[in-house]
Amino acid sequence: MVEKQIRKRGEKLDNKIFQVVIDLLKTLTYEEVTYTLVAQEAHTSRTVLYRRWSTMIELMHDAVNWKVHNVSSYRLHGVGGQIAGMINDESIVGSNGSVSTGNLRDDLIEMSENFWTATQIVGHEYMRAMMIEYGRSNPYLQKLVPRARQINLDVVNRILMNALERGEIKQVPSENVRMLFFDLTRYRMMMDQNIITSQVDLTQIIDEVVMPSIMAAQ
């Protein structure tokens, strides 16, 4: 009984810490979110935080993971697979992770819309933090990012295999082409979080960059 009560208190504190991190990332940059600030807002100590998370990016990752599992809409329209490609959480990739509208262009557009929706749930600053720490060769992200990339690759691979079966393409292009949308979009969002604001922007990326690149490989 005592152990159960302790576990409940621990879960309540975790939830408080995660919510504080999510709220701080809405108004502060990654660099401005510190252990001291999180501890103050969550009414705990830095020692408690350091004991659980040796780096801030690890704490942010767990906080975003917690947020995703508390957003009921993330499973809709294949968004689950896209979020998994950002937080490396295979548990949220289900049958809804696939996209199949009946033609390649529409599949890619739906994929792009799912990805954009996922970024709104995960948050721009978290994505930026991941890129910063990956560039610093953070050991935690050195393991995390390649798996996240593979999940994105799996999504586009399914789309292209469907297109291949329908006869829309003759062969699957290189990985550089397959990852073009994700790599380009992540870079642009990292540089300017407001650069992609509508379906029109996403459709332009598919029509002017991704589709021509796929067809050039045929």
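Worth knowing before you read on, the calculation uses all heavy atoms, side chains too, and leaves out hydrogens, waters and symmetry mates.
- Taking Thr101 as the reference, Asp107 meet the side-chain hydrogen bond (donor to acceptor under 3.5 Å, both in side chains) condition, with sequence neighbours excluded.
- Residues forming a side-chain contact (heavy atoms from CB on, under 4.5 Å) with Ser54 (at least two apart in sequence, or on another chain): Glu58.
- In this structure Leu153 satisfies the side-chain contact (heavy atoms from CB on, under 4.5 Å) test together with Gln150, Val156, Asn157, Glu175, Arg178, Met179, sequence neighbours excluded.
- Sorted by first and then second residue, the ring-ring contact (aromatic ring centres under 6.0 Å, His included) pairs involving residues 132-163 (not counting sequence neighbours) are His61-Tyr140.
- Residues Phe181 and Trp116 place their aromatic rings such that the two centres sit no closer than 6.0 Å.
- In terms of the ring-ring contact (aromatic ring centres under 6.0 Å, His included) criterion, Tyr30 has no residue partners (sequence neighbours excluded).
- Qualifying side-chain contact (heavy atoms from CB on, under 4.5 Å) partners for Leu164, counting only residues two or more places apart in sequence or in other chains: Met161, Ile169, Val172.
- With Gln171 contributing its side chain and Ala217 its backbone, the two residues share a donor-acceptor pair below 3.5 Å.
- With sequence neighbours excluded, the residues that form a salt bridge (charged side-chain N to carboxylate O under 4.0 Å, His left out) with Asp183 are Arg149.
- Sorted by first and then second residue, the salt bridge (Lys or Arg N to Asp or Glu O under 4.0 Å) pairs with a member in residues 203-218 read Arg105-Asp207; sequence neighbours excluded.
- Annotation: side chain of Val155 is not in contact with side chain of Asn114 (no heavy-atom distance under 4.5 Å).
- Glu31 pairs by the side-chain hydrogen bond (donor to acceptor under 3.5 Å, both in side chains) definition with Thr29, Arg128, not counting sequence neighbours.
- Applying the 6.0 Å contact sphere to CZ of Arg166 captures more than 12 heavy atoms from other residues, nucleotides or ligands.
- Atom CZ of Arg52 and atom CD1 of Ile17 lie 7.0 Å apart (nearest 0.5 Å).
- Residues satisfying the side-chain hydrogen bond (donor to acceptor under 3.5 Å, both in side chains) test with Asn138, not counting sequence neighbours, are Glu133.
- Residues meeting the side-chain contact (heavy atoms from CB on, under 4.5 Å) test with Asn15, sequence neighbours left out: Glu11, Trp66.
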*Ile214 and Leu160: side-chain contact (heavy atoms from CB on, under 4.5 Å), yes or no, with the steps?*
CA-CA 9 Å; Ile214 292 174; Leu160 291 171; 4.0 Å; yes
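- Residue pairs meeting the side-chain hydrogen bond (donor to acceptor under 3.5 Å, both in side chains) criterion with at least one partner in residues 16-28, sequence neighbours excluded, are Gln19-Asp23.
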